[in-house]
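Only heavy atoms go into these numbers, but all of them, side chains included; no hydrogens, no water, no symmetry mates.
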Amino acid sequence: MEKKRMAVPPLVCHGHSRPVVDLCYSPITPDGFFLISSSKDSSPMLRNGETGDWVGTFEGHKGAVWSCCLDTNALRAATASADFSAKVWDAFTGDVLHSFEHKHIVRACHFSEDTHLLLTGGMEKTLRIFDLNRPDAAPNEVEKSPGSIRTVAWLHSDQTILSSCTDIGGVRLWDVRTGKIVQTLETKSSVTSAEVSQDGRYITTADGSTVKFWDANHFGLVKSYNMPCTVESVSLEPKYGNKFIAGGEDMWVHVFDFLTGDEIACNKGHHGPVHCVRFSPGGESYASGSEDGTVRIWQTGPLTHDDADANLTNGSTGKMKVTVDEVSQKIQSIDILDDGKNNDKEGAGS
């Protein structure tokens, strides 16, 4: 008889008094890696990403905090809030370094890869880029978004911006230099989660009960899987890319095989819908945040031969570097296609 491996109970991280709505891991630093969580209780929390131990709480927002992130070195944190502001914090002291005022609720924020810029978006339907080396300067505002902004991210070495909207489907890709939309990844429902994989190869999205994987450089649809419930968040395993996690309204954290879409594990424990899931930077664990106000850290499990095989099948684990010239050529080719046929959605998938 085959011996079943006992599931390792998750680390349960208490502290938030209201629903946890966003999570973000830092890359691995000389001091380890860290996890920041944002909540409707207005107080983002920083934790040790491996143990879940509380490090500190960022005090200063006066409304729900919808989004949070850490910079590449985990030296600074950024948050986006319903109090019409985005804040940048010193991750060591918890002090506010900069507070950027907006005219409406800020739903999303993201540090650039080089850590010099902060991208924000929200109910104003405007993407703003703040220069953290010149925090008093007016931000660079990107062309008006067609809807209220739900998610934002950088890709292509900070040459391209990704955004999705709360009220319309699709993911839009913007050229930072021109401020124009260069491509739209079409989805039937609004995209509640959009993640750029650690190696820069894939854009992972969740819309309704569908999870999609897109080629981040040529924008074609790679895979699309139907989920057992409405999914709010999804994350791809960063080291081997052989599995992904999804969480949503059924209160469970599901683990799926990337190549087949088969469910390989289901983690139960939350007492409310799961709003956010994220893999740790090494892929050895993943975190979930829920309506129940807790963060749970789950162990992925020991490395198997299948993981190594998947690594060979799915490509190398090194980060793909895309040069400015390569991005320019892609954008120019897209422009040429658009001029020839305005309705052509080649590369966006269906």
Side-chain angles (χ1 to χ4, degrees), residues 67 69 78 80 86 100 102-104 106-135 137-187 190-191 194-197 200-203 205 214-221 319-349:
S67 179
C69 59
F100 300 117
H102 293 63
K103 297 176 182 177
H104 212 311
V106 190
R107 285 297 303 264
C109 62
H110 205 278
F111 282 110
S112 60
E113 185 179 341
D114 66 12
T115 75
H116 297 316
L117 305 173
L118 181 70
L119 173 65
T120 68
M123 301 297 285
E124 285 183 83
K125 304 181 181 181
T126 300
L127 290 163
R128 289 186 173 88
I129 301 172
F130 293 90
D131 186 342
L132 299 180
N133 295 321
R134 298 186 304 131
N140 177 23
E141 295 189 357
V142 179
E143 182 181 281
K144 202 79 169 176
S145 169
S148 298
I149 297 164
R150 173 70 180 263
T151 65
V152 297
W154 299 87
L155 64 162
H156 300 155
S157 301
D158 302 332
Q159 298 301 311
T160 308
I161 288 171
L162 171 158
S163 73
S164 70
C165 300
T166 60
D167 40 8
I168 57 175
V171 171
R172 282 145 201 90
L173 297 159
W174 311 72
D175 181 353
V176 172
R177 291 162 297 182
T178 65
K180 304 293 184 183
I181 296 173
V182 295
Q183 186 78 353
T184 299
L185 311 180
E186 300 289 352
T187 64
S190 61
V191 172
E195 177 189 77
V196 180
S197 63
R201 293 180 65 193
Y202 298 113
I203 298 168
T205 63
W214 311 82
D215 185 311
N217 297 307
H218 302 287
F219 311 127
L221 181 62
K319 175 123 178 149
M320 292 181 65
K321 292 294 183 183
V322 181
T323 67
V324 175
D325 290 340
E326 288 174 323
V327 173
S328 275
Q329 290 171 3
K330 289 184 178 68
I331 291 171
Q332 288 170 5
S333 67
I334 291 169
D335 290 340
I336 292 169
L337 286 171
D338 287 343
D339 290 340
K341 186 177 181 182
N342 290 330
N343 294 325
D344 184 11
K345 297 297 182 183
E346 184 179 48

> For His102 and Phe100, indicate whether the former's side chain and the latter's backbone hold a donor-acceptor pair under 3.5 Å.
yes
> Between Lys144 (side chain) and Glu124 (backbone), is there a donor-acceptor pair under 3.5 Å?
yes
> What's the separation between atom CD1 in Ile129 and atom CG in Leu118, rounded to the nearest 0.5 Å?
10.0 Å
> Calculate, to the nearest 0.5 Å, the distance between atoms OG1 and CD belonging to Thr205 and Glu195 respectively.
11.0 Å
> What pair of heavy atoms forms the shortest contact from Gly179 to Trp174, and how long is it?
O-CE3, 3.8 Å
> What distance do Leu221 atom CG and Glu186 atom CD have between them, rounded to the nearest 0.5 Å?
11.5 Å
> Show which side-chain atoms of residues 148-155 pair as donor or acceptor with protein atoms under 3.5 Å away, not counting sequence neighbours.
residue, atom, partner, partner atom, Å
Arg150, NH2, Glu232, OE2, 3.4
Thr151, OG1, Ser164, OG, 2.6
Trp154, NE1, His110, O, 3.1

> Please check: side-chain N/O of Ser67 versus main-chain N/O of Cys109, any donor-acceptor pairing under 3.5 Å?
yes
> Which heavy atom of Ser190 sits nearest to which heavy atom of Cys165, and what is that distance?
CB-O, 3.5 Å
> What distance do Ile181 atom CD1 and Ile161 atom CD1 have between them, rounded to the nearest 0.5 Å?
11.0 Å
> Which heavy atom in Ala216 sits nearest to a heavy atom in Gly200, and how many Å separate them?
CB-O, 3.4 Å
> Between Arg172 and Thr184, does the side chain to side chain contact (heavy atoms under 4.5 Å, CB included) criterion hold? Intermediate values first, please.
CA-CA 5 Å; Arg172 282 145 201 90; Thr184 299; 3.7 Å; yes
> Is a side-chain donor or acceptor of Asp158 paired with a backbone partner of Glu113 at a separation under 3.5 angstrom?
yes
> For a quick test of reading the model, state the closest non-hydrogen atom pair linking Gly147 to Ile168 and the distance between them.
N-CD1, 4.2 Å
> Grab the two heavy atoms, one from Leu162 and one from Ala194, that are nearest each other, plus how far apart they are.
CD2-CB, 3.6 Å
> Do you know the tightest heavy-atom contact between Pro135 and Asn133?
CD-C, 3.5 Å
> Measuring from Asp175:CG to Gln183:CD, what's the distance to the nearest 0.5 Å?
12.5 Å
> So, taking the atom named CG in Leu173 and the one named OG in Ser163, what distance separates them when rounded to the nearest 0.5 Å?
8.0 Å
